[in-house]
Protein chains: 2
Amino acid sequence: MTWHGEDTPRKDADLLLLDQQICFSLNAASRAFGGVYRTALKDLGLTYPQYLVMLVLWEDGTLPVKQLGERLRLDSGTLSPLLKRLEAAGLVTRERSPEDERSVIVATTPAGRELREGALAVPRRILAAAGLPLDDLRALRELLTRVTANLDAAGA
Amino acid sequence: MTWHGEDTPRKDADLLLLDQQICFSLNAASRAFGGVYRTALKDLGLTYPQYLVMLVLWEDGTLPVKQLGERLRLDSGTLSPLLKRLEAAGLVTRERSPEDERSVIVATTPAGRELREGALAVPRRILAAAGLPLDDLRALRELLTRVTANLDAAGA
DNA sequence: CACAATTCAATTGCGCACAACTGAATCGGT
DNA sequence: ACCGATTCAGTTGTGCGCAATTGAATTGTG
């Protein structure tokens, strides 16, 4: 062990602190958004991750689980049960692709598409609750996108 | 500037898109950090949330579950089992306060304090993986802190 | 002092996240 | 045509996150 008692190098301690602040604030912000979404989506009967899935489906209408996972950065272990619940709620259908029996195609039902009308009111509430000007929000999105790309590249 | 227009389907669609990007990128960034931490903390035998708990304990040494929860924005439902696992790993102790028997005091063990040495190497790896200049990271932290405070205030 | 309200940690139940694995379908090389 | 490797979705197991509840300890009020 290369421990020098009280003599911790200051640089390491400083980085430990900054790291603590970054990772904690990111974690906290993500959960804070989740909390606001939870209440905003309660009427729609959706959870926050389910809402993210529906957003993709509202945009694209129909696509296999695989591509859904790539869009949302989620694997089948997360999506399979989540999609089952959306199916049970009558919002999506799941059927195996005729061309490739391994693949499962997810599509919105009429009820799932109708839900979009109710969802249109949600973003304004969220963005209002965030309380940042649009420019700051865009800057935030930019930083987050870059850092995620870097982290994924470093992890791979 | 208030754009509460009479005819706003287009604006709603735009906000839906921005909202989608913000909440998704935040969620994705949080999980991307988690992934990098997962591998970085593997040797220490800690999960990411457990690491956050240890960071607070390394800083303060000893404090009740309640205050730990306030610092980390977590409730007893999350902390109780987490602390039990840290206790089982021999990193912390939990004992009821003599002055107030409702309160449980969490403290690091010698083994828990020793772990800090190994943790000092982690932040550099994470910050390097993030791949952003320190100024950007500080700006990111600033935006996240502000947005979390706003969201919590709006939710309360 | 009595007793209702409050403050704690812990527990239960549900859903998400992810690693590891299973099994079926498909693809590729020979 | 065969067979090993790959690509899918799904399952299992562990841990986090949070709402709701429980039960014990403490505080406040009459």
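In the text below, chain A, chain B and the rest are named by the order of the sequence lines, each starting its count at 1. No experiment lies behind these values; they were computed from the predicted model shown. Just so it is clear, the values below take in all heavy atoms, side chains as well, and ignore hydrogens, waters and symmetry mates.
Remark: C1' of C:dA17 and CD of A:Gln50 are 14 Å apart, rounded to the nearest angstrom. A:Asp75 has its CG atom 16 Å from the P atom of D:dT12, to the nearest Å. Note: OH (B:Tyr48) to C1' (C:dA17) measures 14 Å, nearest angstrom. Here the P atom of nucleotide D:dG10 and the CG atom of A:Leu79 are 9 Å apart, to the nearest Å. If you take CG of A:Leu74 and P of D:dG10, they are 14 Å apart, rounded to a whole angstrom. In this structure, A:Leu82 atom CG and D:dA9 atom P are separated by 14 Å, rounded to whole Å.
Shown here for A:Pro81 and A:Ser76, the closest heavy-atom pair between the two residues is CD-O, 4.0 Å.
Taking 4.5 Å as the limit, some side-chain heavy atom of A:Leu86 sits within range of a side-chain heavy atom of A:Leu46. Under the 4.5 Å side-chain criterion, counting only non-hydrogen atoms from C-beta, B:Pro123 is not in contact with A:Leu18.
Side-chain atoms of A:Arg141 and B:Ser25 include no donor-acceptor pair closer than 3.5 Å.
A:Arg96 places no side-chain N or O within 3.5 Å of a backbone atom of A:Ile105 that could act as its donor or acceptor partner. B:Ser103 contributes no side-chain N or O that, together with a main-chain N or O of B:Ser97, makes up a donor-acceptor pair within less than 3.5 Å.
Using bins of under 30°, 30° to 60° and over 60° for the plane-to-plane angle, the ring pair A:Tyr51/A:Trp58 lands in the perpendicular bin.
The side chain of B:Ser103 lies closest to C:dA9 when the candidates are D:dG17, C:dC18, C:dA9.
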Next item on the list: Report the C-alpha distance between B:Val53 and B:Gln50 in whole Å, list the side-chain angles of each, state the deciding distance to 0.1 Å, and finish with yes or no for side chain to side chain contact (heavy atoms under 4.5 Å, CB included).
Entry: CA-CA 5 Å; B:Val53 168; B:Gln50 287 166 10; 5.6 Å; no
Note to self: Run the side chain to side chain contact (heavy atoms under 4.5 Å, CB included) test on B:Val147 and B:Leu26 for me, step by step, so that the C-alpha distance in whole Å, both residues' side-chain angles and the decisive distance to 0.1 Å come before the verdict.
What the structure shows: CA-CA 11 Å; B:Val147 83; B:Leu26 188 56; 5.6 Å; no
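A:Ser76 contributes a side-chain N or O that forms a donor-acceptor pair with the base of D:dG10 under 3.5 Å.
Annotation: of the two residues near DNA chain D, A:Lys84 and B:Pro81, the 5′-most nearest-nucleotide partner is A:Lys84.
Residue contacts for B:Ser80: at a heavy-atom cut-off of 4.0 Å it reaches a base atom on one of the strands shown. Within 4.0 Å (heavy atoms only), A:Thr47 reaches sugar-phosphate atoms of the nucleic acid but no base atom.
Within residues 31-44 of chain B, the residues having any heavy atom under 4.0 Å from DNA chain C are, by residue number, B:Arg31, B:Arg38. For DNA chain D, the residues of residues 58-73 of chain A within the heavy-atom distance limit of 4.0 Å (strictly under) are A:Val65, A:Lys66, sorted by number. The stretch residues 93-102 of chain B touches DNA chain C through B:Arg94, B:Arg96, B:Arg102, each having a heavy atom under 4.0 angstrom from the strand.
In summary, A:Lys66 and A:Glu70 engage in a salt bridge, as defined by a charged side-chain N under 4.0 Å from a carboxylate O.
For the atom pair CG of B:Leu68 and CG of B:Leu74, the computed distance is 8.0 Å after rounding to the nearest 0.5 Å.
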